[in-house]
Amino acid sequence: MNDLKIAIIMLGPPGAGKGTQARLLSSMLGFAHISTGDMLRMAIKDGTENGIRAKTFLEAGQLVPDELVDAIVYERLRHSDCRRGFILDGYPRKLSQADTLQRILDQDNVQTITVCISVTDEVLFVRLGSRWMCPNCNRTFSEELSSGTLKGGCDKCNVSLVHRADDSTDVIAERLKVYHEQTEPLIRYYQERGTYIMVDGDQVPAKVFYAIHGALEERMNSGAAKKRE
Ligand code: ADP
């Protein structure tokens, strides 16, 4: 009987490519992709109570209060598509959230794998400043990589792409500051717990995925080998 449940936690600065890689992993593994940024933007678009509360924080590049984002995530984890496993993209983003998450995962005996995508601030500034997003499916596109696609809008949803409101220079600077101060300490936190994988995010998405895939396979095989010993 195999009732092992896996949580993959995507770590890395804004613009590192967490969303792109989470989507690829989600289709490969059949795990739910849970993006707190996408859920918050959707709540803002729908004008829900959470959306109204979150809006000013997102616009300023600051973190929304824990109780708001925690509630959104834990409600989402109850959905049936999280039964086998899920990929957290944008959560946890600070130590208090990581502690809360750890308690929930321990209760449910969920195994954690952390994937950290590392990219320098210089590269991130250029990337985020030239990034476009589909307002429908939330996929992001960068001018250098998909100039052909950009002209016709999102190739899947057939709608025009938009710039994210928080991809302006001053808000990018604030998001990177918040990342270094509040999220980066999570690298150490997860290095000390469970499986931790670090990949170089300054490569085309396919190469980053190849690196993640290879590292995951290696860890899973060595886990299986350990069990056989
Ligand atoms: P990025 O990683 O590119 O900054 P996200 O889409 O993950 O973008 O997040 C956008 C914004 O949503 C963040 O700047 C923050 O305001 C809010 N947010 C997302 N996840 C969290 C979280 N776990 N805790 C607090 N705020 C969050």
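Start at 1 with the first residue, then count along the sequence. Counting starts at 1 for both ligands and their atoms, following the listed order.
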Q: Nearest heavy atom to atom 9 (O) of ligand 1 wins, so pick from Arg93, Met133, Glu174.
A: Arg93

Q | Residue Thr36 vicinity, atoms of ligand 1 by number, heavy atom under 4.0 Å | A | 19 (C), 20 (N), 21 (C)

Q: Indicate yes or no for a side-chain donor-acceptor contact from Arg175 to the backbone of Asp166 under 3.5 Å, with no hydrogens or angles considered.
A: yes

Q | Hydrophobic cluster identity match, Met42 and Val162, side-chain contacts under 4.5 Å | A | no

Q: Give yes or no for whether the N/O distance cutoff of 3.5 Å, strictly under, is met between Asp166 and ligand 1.
A: no

(Q) Below 4.0 Å from ligand 1: does a non-hydrogen atom of Glu59 turn up there or not? (A) no

Q.
For Asp167, is there an ion pair with Arg127 - N to carboxylate O distance below 4.0 angstrom?
A. no

**Q.** Atoms in ligand 1 flagged as close to Val69, the criterion being non-hydrogen separation under 4.0 Å
**A.** 22 (C), 23 (N), 24 (N)

Q.
Salt bridge check, Asp38 against Arg41: does any charged N sit closer than 4.0 Å to a carboxylate O?
A. yes

Q | Of the listed options Leu40, Ile72, Asp89, Val64, closest to atom 18 (N) of ligand 1 (non-hydrogen atoms) | A | Leu40

Q.
With a 3.5 Å distance limit and no angle check, can you tell me whether His163 reaches the backbone of Arg131 through a side-chain donor-acceptor pair?
A. yes

Q: Quick one: look up the protein heavy atom nearest atom 12 (O) of ligand 1 and list residue, atom name and how far away it is.
A: Leu58 CG, 3.5 Å

Q: Run the salt-bridge test on Asp89 and Arg23 with the 4.0 Å N-O cut-off and return the result as yes or no.
A: no

(Q) Quick test of your reading of the structure: of Met10, Gln62, Arg41, Gln97, whose heavy atom lies closest to atom 24 (N) of ligand 1? (A) Gln97

**Q.** Protein heavy-atom partner closest to atom 8 (O) of ligand 1 - residue, atom, separation in Å
**A.** Arg164 NH2, 3.0 Å

Q | Backbone N/O of Gly12 and side chain of Lys18: donor-acceptor pair under 3.5 Å | A | yes

Q) Can Lys94 be said to touch ligand 1, with heavy atoms closer than 4.0 Å? A) no

**Q.** Carboxylate-amine/guanidinium contact Arg188 Glu192, below 4.0 Å
**A.** yes

(Q) So if I count the atoms of ligand 1 from 1 in the order they appear, which ones are less than 4.0 Å from some heavy atom of Leu63? (A) 25 (C), 26 (N)

Q: Using a strict cut-off of 4.0 Å, indicate which atoms of ligand 1 neighbour a heavy atom of Arg131.
A: 3 (O)

Q: Can you pull out the closest protein heavy atom to atom 3 (O) of ligand 1? Residue, atom name and distance to 0.1 Å, please.
A: Arg175 NH2, 2.8 Å

Q) Run the side chain to side chain contact (heavy atoms under 4.5 Å, CB included) check on Val208 and Thr20 step by step: do they pass? A) CA-CA 10 Å; Val208 178; Thr20 304; over 6 Å; no

(Q) Any nitrogen or oxygen of Gly90 lying under 3.5 Å from a nitrogen or oxygen in ligand 1? Just yes or no. (A) yes

